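Reviewing the structure listed below.
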Amino acid sequence: MSRPDAKGWCPGAYKPMMSGDGLVVRVRPLMARLTQDQVLGLCETADRFGSGLIDLTSRANLQIRGVKEEDHEAVLAELYKLDLLPDDPALESRRNILIPPMWHKDDDTHRVASELVARLGELPELPPKMGYAIDLQGEPQLSDKSADFRFERDANGGLILRADGASRGRVVTVDTAIDALLEMAHWFVDTDGPTRRRMAAHVALTPLPADWQAVPPTASQKPPAPGDTEMGALFGVAFGQIEAAQLANLIAVTKAEAMRVTPWRLFLLEGADIAETNVFITDPRDPLLQVDACPGAPFCDSSTVETRKLARQLANHLPTPLHVSGCAKGCALPRPCATTLVGNDGAFDLVENGRPWDAPVKTGLTPSTLLEARGEL
């Protein structure tokens, strides 16, 4: 089965997306980092103009939810004052850049990412969801995250640029990295890549230049987990949704200097230690870290079911990983999962070891029957 059509763009700050609870306004912090003042200002903006909920996305962005259309300009003004809209509106939507959180100023990650941001205007017009992974903190950590152009390490610690979908990459240096990326982006456009929308789909059908397939990346490593690190404390967020007031309180309690967001539903508080909390996840064994669930009804017009309440109830009872999807588009996890529950006309279909749009093995399940039959699934 094929995936149902999803929206062809991601929300941004200047181009928000309407959802069931209002506008979703996406914020893309530079280097995935916000100062303490920026975090507190964002929380205040979310409470004042939105529903008080902030999403932590799989692209390491933050989203203010529940904004009224008439308040959108006021939100932009607040974000601008906080220096969270650092670039031209035409370039803001291009800044889809993933980096692991443990970078240091002027290291390879910082230098490559900073040059990419500075030269976004040199890129050709690319499909809106295309993005970049600067995955240079040792072994790759972002291999299963959405990106079309990947900077990684080879087995000897050198840098390569790899087109998503290719098993090998092109040897580059920090100084030549962005020139090579620009060349690859123009190749994608010139060889009709935009008709296939993503790099992996294009690479599957279009031969790459031979020297772009010279060296494989080193083996991937596991992503980080909640706990103390050399740079601060990592906290988990169930389903990636944060209450602004609770985040502001945690910043105050820990006296964190800054916050770094990640694509794993984790955020790092610089200079802080893990604090006691019943709101955020601090135990790396917490099953909620292995559960994905989209906002569901009534927050999404495509969904006919509530998702996250059920996901919490099932987290300790069904095999994980677990994905509860409000519809067959599978926005929260558009990849195979051991157990996937898919909303369908007010009930759930069960997909095993598949994607939300794959054929189910059971249909018409309700929350009560799922809880009763959890040992049989």
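For clarity, every value in this text was computed on a predicted model and none was experimentally measured.
Between the side chain of D154 and the main chain of G157, a donor-acceptor pair closer than 3.5 Å is present. Side-chain N or O atoms of R153 include one that pairs as donor or acceptor with a backbone N or O of L136 at under 3.5 Å. Of the possible donor and acceptor atoms, none in the side chain of D55 sits under 3.5 Å from a partner among the backbone N and O of T57. Remark: side-chain polar atoms of T176 are paired, donor with acceptor, to backbone N or O of T173 under 3.5 angstrom. The main-chain N or O of A166 is found under 3.5 Å from a side-chain atom of R162 such that the two form a donor-acceptor pair. Side chain of T195 to main chain of D192: a donor-acceptor pair is present (N/O by atom type, distance under 3.5 Å, no hydrogens or angles). Side-chain atoms of E92 do not come within 3.5 Å of backbone N or O of K15 as any donor-acceptor pair.
Aromatic ring pairs are classed by plane angle as parallel below 30°, tilted from 30° to 60° and perpendicular above 60°; the pair F149 and Y132 is parallel. Classification of the H110-W103 ring pair by plane angle, with boundaries at 30° and 60°, yields parallel.
The pair D37-K81 does not meet the salt-bridge criterion, since no charged nitrogen lies less than 4.0 angstrom from a carboxylate oxygen. The pair R170-E183 meets the salt-bridge criterion, since a charged nitrogen lies less than 4.0 angstrom from a carboxylate oxygen. Between D88 and R95, no side-chain nitrogen of the basic residue sits less than 4.0 Å from a carboxylate oxygen of the acidic one, so the salt-bridge criterion is not met. Between R355 and D358 a salt bridge is recorded (basic side-chain N to carboxylate O distance below 4.0 Å). A salt bridge links D292 with R265: the closest approach of a Lys/Arg side-chain nitrogen to an acidic carboxylate oxygen falls below 4.0 angstrom.
V351 and P360 get closest at one heavy-atom pair: CG2-CA, 4.0 Å.
Remark: D135 CG to F151 CZ distance equals 11.5 Å, nearest 0.5 Å. Separation of atoms OG1 (T191) and CG (L205) is listed at 11.0 Å; rounding is to 0.5 Å. One distance of note links CG of N96 with CZ of R59; it measures 5.0 Å at 0.5 Å rounding. Residue S93 holds its OG atom at 6.5 Å from CZ of R28, rounded to the nearest 0.5 Å.
With sequence neighbours excluded, the residues satisfying salt bridge (charged side-chain N to carboxylate O under 4.0 Å, His left out) with E270 are R33, R260. Residues satisfying the side chain to side chain contact (heavy atoms under 4.5 Å, CB included) test with N344, not counting sequence neighbours, are D349. Taking the side chain to side chain donor-acceptor pair (under 3.5 Å) definition, one finds that E243 meets it with nothing, sequence neighbours left out.
Aromatic ring centroids of F267 and F280 lie under 6.0 Å apart.
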Inset, instruction - List the steps, then state whether side-chain hydrogen bond (donor to acceptor under 3.5 Å, both in side chains) holds for T339 with E352. - result: CA-CA 5 Å; T339 305; E352 293 181 341; over 6 Å; no
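For the 3.5 Å distance criterion, the side chains of T218 and E152 fail to qualify, holding no donor opposite an acceptor.
Few gaps surround CG on D144; more than 12 heavy atoms of other groups in view lie less than 6.0 Å from it.
A continuous path of hydrophobic side-chain contacts links L161 to I99 [ILVMFWY only; heavy atoms under 4.5 Å].
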